[in-house]
Structures are given as C-alpha cells and as structure tokens.
Amino acid sequence: MAFICRFAPSPTGPLHIGGVRTALFNWLLAKKNKGKFYLRIEDTDKERSKDEFKKQILDSLAWIGLNHDDKEYIQSLNIKKHKEIAEELLKKGFAYKCFCSEEEIKEQKEKCKKQGIPYLYNRKWRDQENLEVPKNINPVIRFKSKISGNSVVKDLVQGEISVANSIIEDFVILRKDGSPTYQLSAVVDDHLMKITHVIRGDDHKINTFKQKQIYEAMKWNIPEFAHIPLIHSEKGSKLSKRDNSSTINDYIKIGILSDALRNYLLRLGWAHKDKEIFTLEESIKLFDLKGVGKSPSKLDMSRILSLNEHYIKHVDEKDLYKFLKIFAEKFKKPISSSRETLIIKSINFLKNKAKTLEDIYQNAQYILNENIKISVEDSKLLDSNSKKIIQDFHAEFKKMEILNKENLEKTINNLISKYKTNFKGVGQPLRIALVGSRFGPGIYNIILSLPKEEVVKRLSKIN
RNA sequence: GGUCCCAUCGUCUAACGGUUAGGACAGAUGGUUUUCAAUCAUCUAAUCGGGGUUCGAUUCCCCGUGGGACCGCCA
C-alpha cells in the first residue's frame, strides 16, 4: 500500500520541536514504507506568514536530517484551485454564502458568552435564498456541516473518536476577501498531493471532522489520520514559541547534536521495549504508530543532555570536530587554523568531560587561548612550595628530549618523592599553571596537548 | 463553560487479564581515580481515588478527580 505523507507547518512563527517531532514521525513512516514525505508550507495567512519563518523551518528540518521529497509545496501558489473547489461546493449545494457582518458574529459570540453556552454560528444564511442580501457586505462561504447524528473517525493513534455533528459548525471555507481558509486548502492540497496518511498534532483532532466532510462532498478518497499527542514544556503547559527551549536553534546554540535530539524526540511519546538508543536505520525499521502513546509528554532537559553525552562519546571524532568547528564559528570565536591540529589531537579526551559542544569548547579554552588567566581562588593555591615544584618541573621539562607520558611520569614521580608529597601535590600546581584552573583534563594530557615551547612559556610565568 | 482525549516512579516509558510492576534519565550512597568529570556497584521511587466484571485486574466497564486539546474570516 502506498504511503504518502506530509508535514505542513505554517510560517507564522518559528517551528518548535513539537513540530519537528511530528515531521520526524512522518518522515520515519515514509522511509519505513518506502513512501513519500512532502513538505508543504501553509502560508495562506498572508498577514502573518513571513519568509524568515519559512527559512527557519527549512533550516531546522535540514539540520536534523529530515529531507523531503520534491521541492517544498507552497500552499499560496495553489489558491486558485482552492477557490475553484469552493465554487464547486457552492454549486453542488454543499456550501453557501453567509452575509453576516463581523459585528453580527461578534455580538452572537458575546451573547453566548454571557449565557454561558458555547458559541456556534447560527446557520442564519444556510438554505435561505429569501433573505434580503445586504449591500456592502462581501459574503464568506461556509460549508454546510451535518446537523444531526454522530461522526466517527478511526485514528491510527487515538482509536475511534466520536463526536456529535451538532457541535461542528458551518465553518468558513472562503473568506470575505475570497481567500481560502485552512480547512479548505489543506484538504484540497492533500487530495492533489495524493496524501494517504495525515499525521499531525492532536490539536487538529476536531478539524478532522470538518475536513472529512469536504472529502465526502467531493467524493474524494479520505486519507488515514493519526493525531499524536503534544509535547509540553517542563512546566507542563503547552509548548510555546516563547519558551526558551522550544526551537531547534535553542538546542543548536548550547551544542546539542542532531542525532541526540532526533533520538530524544523519537522516544518522546514512543517506545520500543527497553531500547533507548536508536540509530537512524534502527528507528526507521522499528518505528510504528502503534507504539505511540496517547498522553502528552513533558520536555526533560537532563535527558536530552544525557543522550547528547552519549552521542558525543560515540560519534566519529572527525565528525565531532566538524561539529565543534561549526559551533565555534556560529556562536563563539572561530577556531584558528594554527590551533586546529592541537584540538583535533586532543578531542578524544576533551570530549570525555562534556555533555555538549559548549562543554568541549570550554574544556579546550586552554588550548584555544595562548594567554591563560588564573582565577584568584586558584592562584591562592600556588604557595611558595608549589611554585618551587613548578620551577623544578620547568627545569627538567626543558631538558626533556623525547616528550611522552613515560618521561613525564618519571619526572613527576621524582618530584613527588623529592617534595614528599603525592600526585595531587605536583599535579594540581602544574594544572593551574598550564590551564589556569585546578579543574581540567589529566595532567599528562594537558602537557602533551600543547606545543613544548608553550608549556615552557606558561611555566616560566610562575615565579 | 461545552465537546473530545488522556492518566504506571520527579521525568520518558515497558509489562497476551497471572511479573517480587521492568528499563532509562534525574536523585542518594559507596568503590576506583590525578582535580573536575567519567566509570563501576548499590539504593530510594509509581499503577490517581471509588465501585464493579473476573479465580485473578496496571490491563476491561462505570463514576469521581486531575491534566490536556479544541471551541477564529489562524494554521
């Protein structure tokens, strides 16, 4: 059976990761079933649609690796067709012109609110050719929704959802300016694109009952529907564009890897036994709609971080460096070519203490910056005794012809016995002198990661 | 408020109607260590409440309670 799905965001705001997850689920299913995954930009709201948001959507999907088939569809390019369908529905008696003024509608809404009853358009112009048509009012076109009975949708995630038709109002399909609304455009485009599976956030659940009626009126094939639960913020409310951990960029800028975020999103609302880590291939193979839960899930930063840590440790080190380089260029200072080889050489231990690219970047500060700053607190640890140790080491180090761990070990062990101290007694002062902090990588790693003359230079500054 | 949906550790979740209710993240404790980290071991922690159905309910049904979504000439 063919499997053609789409992700259809509107460029009226930045895409958040809830949307990314919806796209991911669609993409996964398309790949799994050797079908198609299309991207459709729903920009029929001319006022609010912005090119920058469209770009942000494209960039976000590209970053996380969700490539779409064909070029992206731009819904506004298809408006003519949407209007034709509206006319056809009108002609066939499935829709009608409504001449209510906006004030009139507003009044009705307020009246309902006062009485505490839910507002539903009163169908004033339905089947009313006899009413006097007011001048100066451009009508909207409304769909003649079913008035009685129940409608049932078999949802691939939610199961059977049933609703009384009486609560589905005669919704607008063409605005007074003649432009189509979402309810119409989405259906027409889905039909034209031969979409077989509509997988979207469950905030669209009710729309299904409206849209299904358009399909039926047009005698079009109705696609399968799957409504996946929404993602909530850590506070438990609906994910808002104002949350500071909601867009892809919020994660890129703290140094999250795309694989980690992809894996995290995959496991949010979906599980396969006890498995936590999924390669792309595994997720394509294993993902299915049956495993998707029905309840919303909360964002959990510590989990994202822990997944990211896993990927940082397991990704190919060449790739990891590439990610780091891009990260530095985009959000920090670019890594200079002279420092590049030093970082590459040391990334295998710089990454071990990191949950994010930001962490790696911070760990690499002592390599990136020739001039290190010693914090006040750490400089306090450099008493006269430690300084003597540093100077002793300095003298020995200069003489060292072959730089390797073995020789360093010998030198340090000599110092340990000479000064009747332990490893820490020697290692800590050296680390402070070389890195500027008592925290940092192992001391051998540090010494070996820097050019010899630079180690000498840093040591010579301690006196 | 109306309609619809949902409900297992703090979080993400697993469990043909039969399990000491499992795993992961977070948290706690201890070991190791060259500081921080990492790592290893151990531990804490859940079936929202009440009724049914059943020999037996996390699982099925009903009622509460709690949470969410929708209620636009937005998408």
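Residue Glu102(A) is in base contact, counting any heavy-atom pair closer than 4.0 Å across all strands shown. Counting any heavy atom pair closer than 4.0 Å across all strands shown, Ser162(A) reaches sugar-phosphate atoms only and no base atom. Within 4.0 Å of Gly427(A), counting heavy atoms only, lies no atom of the nucleic acid at all. If you check every strand for non-hydrogen atoms under 4.0 Å, Lys275(A) touches nothing. Counting any heavy atom pair closer than 4.0 Å across all strands shown, Asn363(A) reaches no nucleic acid atom. Within 4.0 Å (heavy atoms only), Lys205(A) reaches sugar-phosphate atoms of the nucleic acid but no base atom. Residue contacts shown for Ile167(A) are limited to sugar-phosphate atoms, with no base heavy atom under 4.0 Å away. Among the heavy atoms of the strands lying under 4.0 Å from Thr44(A) are primed sugar atoms or P, OP1, OP2 only; no base atom is included. Among the heavy atoms of the strands, none lies under 4.0 Å from Gly293(A). Residue contacts shown for Glu42(A) are limited to sugar-phosphate atoms, with no base heavy atom under 4.0 Å away. Heavy atoms of His232(A) sit under 4.0 angstrom from primed sugar atoms or phosphate atoms, though from no base atom. Heavy atoms of Val163(A) sit under 4.0 angstrom from primed sugar atoms or phosphate atoms, though from no base atom. At a threshold of 4.0 angstrom between heavy atoms, the contacts of Tyr444(A) include nucleobase atoms, whether or not backbone atoms are also involved. Using a 4.0 Å heavy-atom distance criterion, Leu230(A) is classed as a sugar-phosphate-only contact.
Of all nucleotides listed (C5(B), A75(B), U3(B)), C5(B) comes nearest to the side chain of Gln158(A).
Contact between Lys210(A) and Gln183(A) at its shortest, heavy atoms only, is CD-NE2, 3.6 Å.
A salt bridge does not link Lys294(A) to Asp202(A): none of the charged nitrogens lies less than 4.0 Å from a carboxylate oxygen.
The ring of Phe7(A) has its center no closer than 6.0 angstrom to the ring center of Phe37(A).
Within the 4.5 Å cutoff, no side-chain heavy atoms of Pro139(A) are placed close to those of Trp125(A).
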